[in-house]
Every structure is written in C-alpha cells, then in structure tokens.
Amino acid sequence: MPLIAANWKMHKTIVESEAFCAALLPLIEDSDCEVVICPSFLAVPSVAELCAGTAVAVATQNMHFESQGAFTGEVSAPMLLDAGASAVILGHSERRQMFGETDEALARKVPAALEAGLTPILCCGETEEERDGDQTDRVLRRQIDAGLSRVADDRLADVVVAYEPIWAIGTGRTATPEQADDACGFIRALLGSRSESASARVRILYGGSVKPQNAAELLGQDEIDGALVGGASLDAEDFAAIVEAA
Ligand code: PGA
C-alpha cells in the first residue's frame, strides 16, 4: 500500500489545518493509500482528532532524542504520542542545512522514536553539487548508515526512508523517475546488506517537487513506495490528486 505524506513545514495555523482536513477527508475516502499529515506541532491534536478513525495518520517534523529534560524549546517522542502523532520526520534537509541537524543526533533520534512507538521517516538526499560530483551514493550511504546505526536489524523495516534530493525540494525540478528509482534502489540495497527481509519490507518514499502531474510516474517505479510532498500538500485538492495517483 503506497504511503503518501504531507510535509506542511511552517505553514497553516490550527484553524487552517482543520479546514484542510475537512476538505481532504471526503476527497480521499475511497483511496487505499496510507496517508500521513505532518502539520506544525501546535496543530497535531486537532488534526489527530479530526482524522481519528480514518486512514490518515499524523506525524511531526522533528523531535528531540531524550524523552524529557532541560532542553528548552524541544519536544520529545512521548509528548508527540500523547498529542496524537504516530510518526515523525527526522533529518529533513531543511533541518540539516538551516538548524544544524547532525548525523550523530539522528543516530539517537531514530531509535528513540522507534522505542517510543513512533514511526521514524528518515530523510536523506544529496545536494546538486554532490550529484554533479558523482557523490550521491557516498552521501546516501553516510546518511543512512548514521541514521540507522543504532537500530537493531529486526527493527529496520519499521523505519520509513525518504529519498529527497535537495536540488529537487521546492524548486519545481523533480528528479527523473529513473534517478529517483535508482537512488531508492541504492538505499534498499544498503538496508539489504544488513537484513534481506528488511530491505524487502522497508518503505522508501521519494520527495522533491512531487505534484499531481508527475506523481503517477514517480510512484509507478519499482523501488518507490510512496511520496513525501511539500508544496503540493498545502492544497487539499492537489494533495488528494497525488493520493489518487498512487
Ligand atoms: P516539495 O518539498 O514537495 O515542496 O519539493 C518536499 C519536502 O521538502 O519534503
């Protein structure tokens, strides 16, 4: 079953989030996709309440690896669960590039999410310079090895991985279906070197300028199990069209 996630980033107030859910839910009633909405922390309880009993789950866009403590401004996995989230995006490139998210912190965040009962959606992806310099595989290997370093082999398949080439995020420049499929296949092989059964079961999403117009082709690739959608997830009709295309 494809997994389509909406990463709202720093968009939508609580009222706007509620209005989106009211518009989206009837549009995707008959879909057999797993849908995840990642609103701001503040909108998690309302979105979770509105989506309860539907195929739509709620995730956040970050968390701290400790469950509590003196970490001003941070939010922990148990707090997210308590608010109604069941998953969390970790290591998004915007957090890596603008907020100092490190591979070392992610090595702690991914197992912390799993232990708390949240599904981690671990993001990875290369810059344009790295792709042009033929460094894509090296970068993906470093990010995946680090992010999953403290996850036991028998939990690997409980992680969702999102391949998001940085040059395709918010730029309107989508990876070609072949580029996206190759990178997702490479990530699957990395997991396969640790556990064959995990590599068969793990879900690998593509993200980066996914739109209603290109979703079917991207999602039709063998190695791509779903999409992480930014800009096009802010409009209920566009997002529903992506869910429909899956
Ligand atoms: P985009 O963002 O769809 O706007 O490119 C994707 C993401 O950052 O997750």
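Model, not experiment: these values are computed from the prediction. Ligands are counted one by one from 1 in listed order, and the atoms in each one are counted from 1 as well.
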Where ligand 1 meets K9 - atom numbers and elements under 4.0 angstrom, heavy-atom basis = 2 (O), 7 (C), 8 (O)
message = Tell me whether E223 is salt-bridged to R188, with the criterion being a basic N under 4.0 Å from an acidic carboxylate O.
response = yes
key: N-O pairing of E34 and R203 below 4.0 Å   = yes
task = Identify, by atom number and element, the atoms of ligand 1 in contact range of H92, meaning under 4.0 Å from any of its heavy atoms.
result = 7 (C), 8 (O), 9 (O)
query = Which word best sums up how the rings of W8 and F20 line up, parallel for under 30°, tilted for 30 to 60°, or perpendicular for over 60°?
reply = perpendicular
query = Does M98 CE have over 12 foreign heavy atoms under 6.0 Å away?
reply = yes
inquiry  = If we only consider heavy atoms of A232, is any one of them less than 4.0 Å away from an atom in ligand 1?
reply    = no
ask   = Against heavy atoms of G208, which atoms of ligand 1 measure under 4.0 Å?
value = 5 (O)
Salt-bridge present (K211, D238; N to O < 4.0 Å) = no
note = Ranked by distance from atom 3 (O) of ligand 1, the top protein heavy atom is G230 N, 2.9 Å
inquiry  = Yes or no: does K211 have any heavy atom under 4.0 Å from an atom of ligand 1?
reply    = no
ask   = Got the closest protein heavy atom to atom 9 (O) of ligand 1, with its distance?
value = E164 OE2, 2.7 Å
key: Neighbour count >12 (heavy atoms, 6.0 Å) for atom CD, Q68   = no
query = With atoms numbered from 1 as shown, which atoms in ligand 1 lie under 4.0 angstrom from a non-hydrogen atom of A168?
reply = 5 (O)
task = Answer side chain, backbone, both or neither: which part of S93 comes under 4.0 Å from ligand 1, heavy atoms only.
result = neither
message = Run H92 and E164 through side-chain hydrogen bond (donor to acceptor under 3.5 Å, both in side chains) and show every step you take.
response = CA-CA 8 Å; H92 189 279; E164 298 206 304; 3.3 Å; yes
key: Set of residues satisfying side-chain contact (heavy atoms from CB on, under 4.5 Å) with respect to E237, sequence neighbours excluded   = L27, D235
query = If you measure every N/O of G170 against every N/O of ligand 1, is any gap under 3.5 Å?
reply = yes
message = If you count heavy atoms of other groups shown closer than 6.0 angstrom to CD of E196, is the number above 12?
response = no
For atom 4 (O) of ligand 1, the protein heavy atom that lies nearest, with its residue and separation = G231 N, 2.8 Å
task = For S209, counting its heavy atoms only, list the atoms of ligand 1 lying under 4.0 Å from any of them.
result = 1 (P), 3 (O), 5 (O)
message = Under 4.0 Å, heavy-atom basis, I'd like to know which part of I169 is in contact with ligand 1: side chain, backbone, both or neither.
response = both
